[in-house]
Amino acid sequence: MVQARASERKQRPPRAVTAYLRPKQTPRRVVWQDRIADWTISIGGLAVILAVIGIMAFLVDVVVPLFLGGRVVASHRYELPKTSGRPLLVLADEEGILAGRIDEGGTFTSFHLPSGREIQALALNLGPTRVTAFARTIQGGDLIFGFADGSVRFARLDFDGRIVAATDVPPDARALEAGHRTDGAAVYAALPGGQMRRVAAKLELLEAEAVSPTGRPIVALDYRVGGNRERPTRAVVAVDEAGAILLTRSESRLNLLTRELTTDVRRSVLPPVAVGSTVVGVLLTQRADEVLLGKADGTLHRFDVRDFDRPVLAETRDVAPGRAEITSLGFLIGEQSVVVGTSTGDVHVYFRVAAPEARTTDGRALVLAHELEPHAGAVTAFTPSERSKAFATADANGAVWLRHATSEQVLLRPGAERRADVTALSLASRDDGIVTLDSSHTATYWRISAPHPETTLQTIFGRVWYEGYPEPTHTWQSSSGTDVFEPKFSLVPLIFGTLKATVYSLLFAVPLALLAAVYTSEFIHPRVRATVKPAMEMMASLPSVVLGFIAALVLAPLVETWIASVLLFLAAFPFTLLAGAVLWQALPTRLALLLEGVPKLGAMVVAIGLAALLSQQLGAPFEDAFFGGDFRLWLDGGRGSGEPLLFLILLPLSFGAVAWLASRLVGDRVDGWLRDATPLAAAAIDGARWLVLFAAAALAASGVASFLSLLGLDPRNGLVGTYVQRNTLVVGFAMGFAVIPIIYTIAEDAMSAVPSHLRAASLACGATPWQTAIRVIVPTATSGIFAGVMVGMGRAVGETMIVVMAAGNTPILDWNVFNGLRALSANIAVELPEAVKDSSLYRMLFLAALTLFAMTFVVNTVAEVVRLRFRRRAAQL
Amino acid sequence: MHRTASLAFVGVLAATAAAAVTVDAALPSYQSKSGISGNLKSIGSDTLNNLMTLWTEGFRAQYPNVQIEIEGKGSSTAPPALVAGTAHFGPMSRPMKGAEIDAFAKKFGYKPAAIRTAVDALAVFVHKDNPVQCLTMPQLDAIFSKTRKGGFPKELRTWGDAGLTGAWASQPISLYGRNSASGTYGYFKETALFDGDYKDTVKEQPGSSTVVQGVASDRNGIGYSGVGYKTADVRTVPIAASEGSECYDATAENAYAGLYPISRFLYVYLNKNPNQPLDPLRSEFVRFVFSKQGQEAVIKDGYFPVTAAVAEEDLDTLGLR
């Protein structure tokens, strides 16, 4: 206890007589409680920050692998037993255990891929004639040989992989590298669970078939096998030395009931374009509806064979610039894109797009879509991937590069520059290995990992030219049921969709909520306030899935049928409310005061209901007068000009301008009349004033609208367009329901918290309640109002269920309010169940989540900064 | 026993009512075994949703102790579920693609097993008042896709472009489809769109019945879904393979003969180790699916049953014969 000094004791007022002398020092218990609370809150706050950073770090961790290219996991190089002929083909099995090599002399060797040890060697009885051409399908196993006597032979190389028990391995099997064993024909690899994988190569050669009518050597071939188990198809195109191009297609159909197989074989001869010796390669599509022929001088001919019996030369194009020659030609999976390699090392990707103005016979043309990084030497070998638009190219210097067509990147450069002439190149079917064979029978095998070749920052945020599209676009179309599909991962339509949903729903929600808050805090009768506020808060508790459900199944069809009435209602209800207010003004003052409160609220509801009824009745005449009878047809752009909609949009703006002008010019005089008049007369003057203002506004709006539409401005070009049932208008209404209560509650609380002495002072100075509200209360409460709007915006950005159900989920880049959208949140919800863990789609969805997170973070931070600035200003009051 | 009898009775009624479609007489009638109990979970195709439910009911009539949960959000949800081990069965209305088989094989070492449980003629639905007689595959491609790989020269935007006259000529075609998780989406994209891309304006619906519902409520609508979801408010459009070919409607004979161009099998994928026998619970469910009662449920759902030959082949691959 501090002893007061004697002097101070004299100056202090006499102490009150109490029995208990209160100690002045804070008790230790309170200090400790204080400290504990301090620490708990600090730790809690830090933990929240750490959790947010942790989430961000986790998202980044899942997303980063998308942007790492490829890497080499292991590499092996060895020499295979030499044979007389040049290698034609090297092919590996799916697991990277066994591989096969075929050469021109007809020798087939299977070898253990990691070590190069020969397992089996067979001599194929190809016959006495020389092999002059060779082709294989993109999926690898089906082969075709072309001979110097104009015949072809089909073959099939299969790697028969089976799971057997560990006891099934023959005891005399000798050991190989990598823990594998072989019994001379098959290789056994251990699997978890005491099982073994047994892989054996199987080569089947069919009889020769004569193809060239004149018996000339075949110079180029292509072979396609397709269809499914019940409807297999097979197609072959052969070019002989004389330049004749022959196409054969066979299609089989299995009748499930009778088990009968009907096969349909058709042959066709294409118009000749070249002498055979200049042909570099020929390509065929699986449906045999297109043939591409490449000549050494750099010309590519495209034949349109959609009408099988009447093939047409559709287009001729020079694809090797200058004096360069085509050295390699091949399709990527899907047979849409063709990769051309030239003698100068250029690698170009072409595909066919619809081009009605091009000088081709079928209205389509080849376009140079991607120019990839050129090799240093001529491109000697090409192999496509079986899973994606990736491919590998080798050049004359021995460099082997793994590339991706759509993202235009080189994923890996595993091949060191050594003077080697790569003659056979193949990519493993799971894109996890590259095998090369050069003319000296040296083989190289790289085990690689490039799991996400199609994503780069450019493909995600920039325009990408996808196969078959006329120009580079932002598209989101993530998956499909087949491997040939090119995944289109652009986040731009999704970000746009989120912004569109937010903008339109805030456009609807913010004015309503803020004006409702102003009304509730400043004008409303206390009894009504007690009813209205809890009702609004209950509105906030509606689950958003229910809102989405009602919006999609009830509201959307309703709005579609009554769209003209809905538009009329938006214009009509301020009108009826104003008319009701003017009529209310005509009531005698005592009656008005008596009915203040709930009856007045009831009258407002009746006014809005009247507006709804009127717009329903007048909807059809309104549609006839403004939109020529059918609003949706008008939106489609068929008839009429954009003037009616421009007029409707400009009407509120022109009303505001005219009202402001009127209040500046004649406001004081009209106020003077109103002050001196009886209530009835005042109501009449007021009503007349509103009517005159409305008429003037309508005139001004129609004048400006005609002027703008003369200038050529038509809202149907961007702002509105074709009508779709599930559109942003419906989403705006539904999200409004979700967002309005939030903005309203926070804004209303902020305005009620304004100290009442300000309100009292303003009213005492003679300001009207409206002037007080707008000029004193709202500016003071701005920080709270702004916070409310920001919380509402955060809710709108993150809202998922309403957007999933009511917005149609179409990823379009269009401000049209009568159109759908696809938001980031809805996209994640809809697509996550189908994403295999750690696949490209999975990581892209996490990137979408990260983008949403970043957007909300940035918006909230900016909002907080602005809010604090407003608060500092208001605190001075 | 009561339940089995009534199910069989309904099955017979449905079989007779569906005129030409009957179950192959060579399919055996299901014989229940003892000692079968446990839980089964199925995650996958929405097209097979009702069918899985009917099989579940029939199976539980035989074995009341078995609990079966069914989730049908789309065929693309089946492979991740089988890989993660959260489902015993993965019904899919399209075959698994290479990347999905790779993901499964990477985890388990062997490939997934598939059984063909029903035949579906993927129907193209229009509003019951729509008079369109026939659409060729290239026309269908030009209506639904923006790439038009089927070769049709121009985009078909209104019903007039598709050949209708009168009041229909100026009405824009309103497109309904499935979302990308769906096997029906993937199968239609591969076959009818010739591996092209859908237009951005196709309204993606989460389920087969919502597609039909959308078309039923929209006069200008056109959509695709399994023929089992047909209701009285829509009609199916006969399809011709190409210009000049004959138009075939989505009926059983056309589907079996391979004449209807977009007919397909409905698959159920499961995880079966090639060297180990299938556990009794799943074996019995597969046997039930390939029995007379199981295939009668297929007819009841509006699809077409498989033949005894197909059933025997698939039972062989699973080692159940």
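Everything numeric here is computed off the predicted structure, so don't read it as measured data. Residue numbering restarts at 1 for every chain, and letters A, B, ... go by the order of the sequence lines. Keep in mind that the numbers below use all heavy atoms, side chains included, and drop hydrogens, waters and symmetry copies.
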Top contributor to chain A contacts, counting heavy-atom pairs under 4.5 Å, from [options]:
{"options": "Glu313(B), Lys106(B), Lys73(B)", "result": "Glu313(B)"}
{"options": "Arg148(B), Lys189(B), Glu190(B)", "result": "Lys189(B)"}
{"options": "Pro80(B), Ser170(B), Gly196(B), Ser182(B)", "result": "Pro80(B)"}
{"options": "Ser242(B), Pro274(B), Ala99(B), Ser174(B)", "result": "Ala99(B)"}

### Query
How about Phe188(B) and Phe144(B): are their ring centres within less than 6.0 Å of each other?
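Ring-ring flag for Phe188(B)/Phe144(B): true, centres closer than 6.0 Å.
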Just wondering, are more than 12 heavy atoms of other shown residues or ligands nearer than 6.0 Å to [atom1] in [X]?
{"X": "Lys41(B)", "atom1": "NZ", "result": "yes"}
{"X": "Glu312(B)", "atom1": "CD", "result": "yes"}
{"X": "Phe549(A)", "atom1": "CZ", "result": "no"}
{"X": "Lys97(B)", "atom1": "NZ", "result": "yes"}

### Task
Counting only heavy atoms closer than 4.5 Å, note whether Glu94(A) contacts chain B via side chain, backbone, both or neither.
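Contact with chain B: side chain only.
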### Query
Is it the backbone or the side chain of Val836(A) that comes under 4.5 Å from a heavy atom of chain B, or both, or neither?
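Both parts, heavy atoms under 4.5 Å.
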### Task
Look at the aromatic rings of Tyr224(B) and Tyr198(B) and report parallel, tilted or perpendicular, splitting at 30° and 60°.
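Taking Tyr198(B) first and then Tyr224(B), their aromatic rings lie parallel (interplane angle under 30°).
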### Task
Take the angle between the ring planes of Tyr466(A) and Tyr469(A) and call it parallel below 30°, perpendicular above 60°, tilted in between.
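Perpendicular, since the angle between the ring planes exceeds 60°.
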Just by modelled atom types, is the [Y] backbone N or O under 3.5 Å from a matching donor or acceptor in the [X] side chain?
{"X": "Asp218(B)", "Y": "Gly214(B)", "value": "no"}
{"X": "Glu204(B)", "Y": "Gly177(B)", "value": "no"}
{"X": "Trp168(B)", "Y": "Gly160(B)", "value": "no"}

Measure distances from [X] to the heavy atoms of chain A and classify the residue's part below 4.5 Å as side chain, backbone, both or neither.
{"X": "Gln205(B)", "value": "side chain"}
{"X": "Asp197(B)", "value": "both"}
{"X": "Lys199(B)", "value": "neither"}
{"X": "Ala103(B)", "value": "side chain"}

### Query
Do the numbers put Lys203(B) on top of the ring of Tyr176(B), so that NZ or CZ is under 6.0 Å from the six-membered ring centre and no more than 45° off the axis?
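Verdict for Tyr176(B): a cation-pi partner in Lys203(B).
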#### Entry: Positions in residues 113-120 of chain B that reach chain A, provided some heavy atom is under 4.5 Å away
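Result: Arg116(B), Val119(B).
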